[in-house]
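It should be emphasised that the depicted structure is a prediction, and the values quoted were computed from it without experimental measurement.
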Amino acid sequence: MSIPYACVTMPVTAPEFRIEERWMAMIGSQLRSLRMAKGLSLRALATAVGVSPTLLSQVERGVTEPSLSTLRRLADVYAMSVADLFSSDEKLSPEVSRPGERPVLLSPRGSVHYERVTPSNGRLEVLRAVLEPGDVSSREPWGHASIECAYVITGTLTADLEGGTRTVGAGEAVTFDSGIPHRYINETEEIVEFIIATSPPAS
């Protein structure tokens, strides 16, 4: 991803991945069924994934939240995507996101302010971002295993991608493999407001 839908301010190195409690039990049950179907012991799976058997047991029982990196390693073992681990007959309940009620994320990597627009679900994250004149989203470009799209609402955004930059104006969007080291820059004298969508969410 989670934090309930109240307005908070918290420092993070990147938009934080959290799993809501109702999803933890479902994922835990899914992971246990997959492990049993493969005939793997907790110890054997833990060795393959690089975590402790105790942690895996807690994840399967829905009492401990796995990190996104752990979910990715588990998905690799089962030859699945992380999104597949969230597959369920239960549909995501409709959520209305309102200004003033969203979690606010402040990144020490740079000066960007994020508002989390979507509830955490492990499949899609949408953030509203604001960059003041001269600010950057991170001091250095960095990457994460996702597909990312940035849509500019107001102002002109510079997307610094490995190998070059892209200028993105209001009403325009840039989409890329966010495994490429990247960052966003406001090189203008006006505030830039934009929306970032990533799937799966950044770790």
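Applying the side chain to side chain donor-acceptor pair (under 3.5 Å) test to residues at least two apart or on different chains, the pairs with a partner in residues 46-59 are Ser57-Arg61, Gln58-Thr64. Within the structure, salt bridge (charged side-chain N to carboxylate O under 4.0 Å, His left out) pairs that include any residue of residues 154-165 comprise Asp160-Arg183 (at least two apart or interchain). For residues 34-64, no pair satisfies ring pair (Phe, Tyr, Trp, His ring centres under 6.0 Å), with sequence neighbours left out. Applying the ring pair (Phe, Tyr, Trp, His ring centres under 6.0 Å) test to pairs two or more places apart or on separate chains, those with a residue in residues 159-179 are Phe176-His182.
We find the CG-CZ distance between Leu127 and Phe194 to be 9.5 Å, quoted to the nearest 0.5 Å. Between the OG1 atom in Thr118 and the CG atom in Leu124 there is a gap of 5.5 Å [rounded to 0.5 Å]. Atom OG1 in Thr154 sits 4.5 Å away from atom CD in Glu193 (nearest 0.5 Å). Within the model, atoms OG of Ser146 and CD1 of Ile196 stand 11.5 Å from one another, a figure rounded to the nearest 0.5 Å. To the nearest 0.5 Å, atoms OH (Tyr78) and CD (Gln30) are separated by 9.5 Å. Rounding to the nearest 0.5 Å gives a distance of 8.5 Å between CD1 of Ile191 and CG of Asn186.
Between Arg73 and Val51, the shortest heavy-atom contact is NH2-CG1, 3.7 Å. Here the closest non-hydrogen pair linking Ala48 and Val77 is CB-CG2, 4.3 Å. Closest of all the heavy-atom pairs between Pro181 and Pro141 is C-CB, 3.7 Å. In this structure, Pro53 and Ala46 approach most closely via the heavy-atom pair N-CB, 3.6 Å. Residue Arg98 comes nearest to Arg102 through the heavy atom pair O-CG, 3.4 Å, listed as atom of the first residue, atom of the second, then distance. When all heavy atoms of Ile185 and Leu157 are compared, the pair lying nearest together is O-CD1, 3.7 Å.
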I'd like a table of donor-acceptor pairs (distance under 3.5 Å, sequence neighbours excluded) in which one partner is a side-chain atom from residues 164-175, with atom names and distances.
| residue | atom | partner | partner atom | Å |
| --- | --- | --- | --- | --- |
| Glu172 | OE1 | Gly169 | N | 2.7 |

Without placing hydrogens or testing angles, list every side-chain donor-acceptor pair under 3.5 Å for residues 36-44, not counting sequence neighbours.
| residue | atom | partner | partner atom | Å |
| --- | --- | --- | --- | --- |
| Ser41 | OG | Ala44 | N | 3.0 |

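The hydrophobic clustering, which links ILVMFWY residues whose side-chain heavy atoms are closer than 4.5 Å, places Val126 and Ile147 apart. Using a 4.5 Å cut-off between side-chain heavy atoms of Ile, Leu, Val, Met, Phe, Trp and Tyr, with links allowed through other members, Leu71 and Leu55 fall into the same hydrophobic cluster.
More than 12 heavy-atom neighbours from other residues, nucleotides or ligands sit within 6.0 angstrom of CZ on Arg128.
Considering only heavy atoms from C-beta on, Tyr184 stays 4.5 Å or farther from Val192 through its side chain. Within the 4.5 Å cutoff, no side-chain heavy atoms of Asp76 are placed close to those of Val49.
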